[in-house]
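Residue numbers run from 1 in the order of the sequence given. Not measured: the values here are computed from a predicted model.
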Amino acid sequence: MISGGGSNMLRLIEDMKGAHPARPVLVLSNDPQAGGLARARELGVPVAAVDHRDFPRDREGFERAILGPLLAAEPDIICLAGFMRILTSGFVQRFAGRMLNIHPSLLPKYPGLDTHARAIAAGDAEAGCSVHEVIPELDAGPILGQARVPILPDDDAAKLAARVLVEEHKLYPAVLRRFAAGDRSPVLTGP
Ligand code: GAR
């Protein structure tokens, strides 16, 4: 898992037990101070951190540094979870078809940042989150699951983000279960 070290990463780890077809082999974070890393360690998952700030204006240098621990862990599937860095197309292509990401919008709407504010400003009736296969284009790639969340009249970006995050915590584990079992049909939830 490549993560900022936040809540989606922990939900995936907590779900990978019992009959789940996958097991977590590594959490790799770009933030050595991230709160979720200590918890991941407590849950018995190996953790590595490479601070992207040690590689100013050197995206490929950062990627070379994470590739060591990543390849050593021999993952079959890589989940990006709360990971806010852009990966180069060379890195993404190396893991084509087995790297997933969660994004807080109903893709293809609102790739990039400030998704909730943009959905509210556009007057949308609903927002949500998407899990997708990662391709070199940012926040694009085949959709593996979406959860829809109504936008309420008094919503602001923070309130909406909190309700979408609740759905992210259900959607990503559900998609990973299905994907790890070899089923790429999308998980679709919502009102
Ligand atoms: C979540 O909404 C997640 O979808 C988003 O950051 C929030 C915090 O996640 N990730 C992205 O926008 C990735 N580009 P976290 O609690 O898992 O760190």
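- In this structure, the separation between NZ on Lys170 and OG1 on Thr189 is 7.5 Å, given to the nearest 0.5 Å.
- Looking at Leu100 and His132, their side chains never come closer than 4.5 Å, going by heavy atoms from C-beta outward.
- Under the 3.5 Å distance criterion, the side-chain polar atoms of Arg59 are matched with a main-chain donor or acceptor of Ile86.
- When every heavy atom of Ile135 is checked against every heavy atom of Pro142, the shortest pair comes out as CG2-CD, 4.3 Å.
- Side chain of Ser3 to backbone of Gly82: no donor-acceptor contact under 3.5 angstrom is found.
- The shortest non-hydrogen separation linking Leu70 to Leu28 is CB-CD2, 3.9 Å.
- Leu26 and Phe91 fall within a single hydrophobic cluster, where Ile, Leu, Val, Met, Phe, Trp and Tyr are joined by side-chain heavy atoms under 4.5 Å apart, directly or via other members.
- Screening Leu10, Val47, Val45 for a side-chain contact (heavy atoms from CB on, under 4.5 Å) with Leu37, the sole residue that qualifies is Val47.
- Using a 4.5 Å heavy-atom threshold, the side chains of Glu167 and Leu171 count as separate.
- Shown here for Arg94 and Arg98, the closest heavy-atom pair between the two residues is O-NH2, 4.4 Å.
- Ring orientation note: the planes of Phe83 and Phe62 are close to parallel, at an angle under 30° on the 30°/60° scale.
- Minimum interatomic distance between Ala40 and Val27 (heavy atoms only, all atoms of both residues): CB-CG2, 4.2 Å.
- At distances below 3.5 Å, at least one donor-acceptor pair connects side-chain atoms of Ser29 with backbone N or O atoms of Gly4.
- When every heavy atom of Gly18 is checked against every heavy atom of Arg23, the shortest pair comes out as O-NH2, 2.8 Å.
- The 12-atom threshold is not exceeded at CD of Glu60, counting heavy atoms of other residues, nucleotides or ligands nearer than 6.0 Å.
- Side chains of Phe95 and Leu87 form no contact here, defined as non-hydrogen atoms less than 4.5 Å apart.
- Contact of the Met84 side chain with the Leu113 side chain is registered, since non-hydrogen atoms from C-beta on lie closer than 4.5 Å.
- By the rule that hydrophobic residues join a cluster once side-chain heavy atoms approach within less than 4.5 Å of another member, Ile77 and Met1 end up as members of one cluster.
- One distance of note links CG of Asp58 with CZ of Arg64; it measures 6.0 Å at 0.5 Å rounding.
- For the atom pair CG of Leu80 and CG of Asn8, the computed distance is 11.0 Å after rounding to the nearest 0.5 Å.
- A donor-acceptor contact shorter than 3.5 Å links the side chain of Arg178 to the backbone of Ser185.
- Atom CD of Glu126 sits about 4.0 Å away from atom CZ of Arg148, to the nearest 0.5 Å.
- Hydrophobic clustering keeps Leu106 apart from Tyr172 (ILVMFWY residues linked when any side-chain heavy atoms are closer than 4.5 Å, directly or through intermediates).
- In the hydrophobic clustering of ILVMFWY residues, with side-chain heavy atoms under 4.5 Å counting as a link, Val149 and Leu152 come out apart.
- In terms of modelled atom types and a separation under 3.5 Å, the side chain of Arg163 and the main chain of Pro150 share a donor-acceptor contact.
- Nearest heavy-atom pair, Ala81 versus Met9, reported as atom, atom and distance to 0.1 Å: CB-N, 3.8 Å.
- Sorted by first then second residue, the salt bridge (charged side-chain N to carboxylate O under 4.0 Å, His left out) pairs that include residues 134-147, not counting sequence neighbours, number zero.
- Considering only heavy atoms from C-beta on, Arg177 stays 4.5 Å or farther from Leu12 through its side chain.
- In this structure, Ile66 is a member of the same hydrophobic cluster as Met99, with clusters built from ILVMFWY side-chain heavy atoms closer than 4.5 Å.
- Checked by atom type and distance alone, the side chain of Ser130 never pairs as donor or acceptor with a backbone atom of Gln146 at under 3.5 Å.
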Go through the steps to decide whether Asp154 and Lys159 satisfy the test side-chain contact (heavy atoms from CB on, under 4.5 Å), and finish with yes or no.
-> CA-CA 9 Å; Asp154 71 335; Lys159 283 187 200 167; 3.3 Å; yes

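- Taking the side chain as every heavy atom from C-beta outward, Asp124 and Lys109 approach each other to under 4.5 Å.
- Side-chain contact check for Leu176 versus Asp15: every heavy-atom pair is 4.5 Å or farther apart.
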Give the intermediate values and the outcome of side-chain hydrogen bond (donor to acceptor under 3.5 Å, both in side chains) for residues Ser7 and His169.
-> CA-CA 8 Å; Ser7 63; His169 292 163; 2.8 Å; yes

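- Put simply, the side chain of Val25 does not reach to within 4.5 Å of the side chain of Glu74, judged on heavy atoms.
- Side-chain N or O atoms of His103 include one that pairs as donor or acceptor with a backbone N or O of Tyr110 at under 3.5 Å.
- Summarising the geometry, atom CG belonging to Asp155 is positioned 5.0 Å from atom CG belonging to Leu160; distances are rounded to the nearest 0.5 Å.
- Taken from CD1 in Ile78 to CD1 in Ile2, the straight-line distance is 5.0 Å, to the nearest 0.5 Å.
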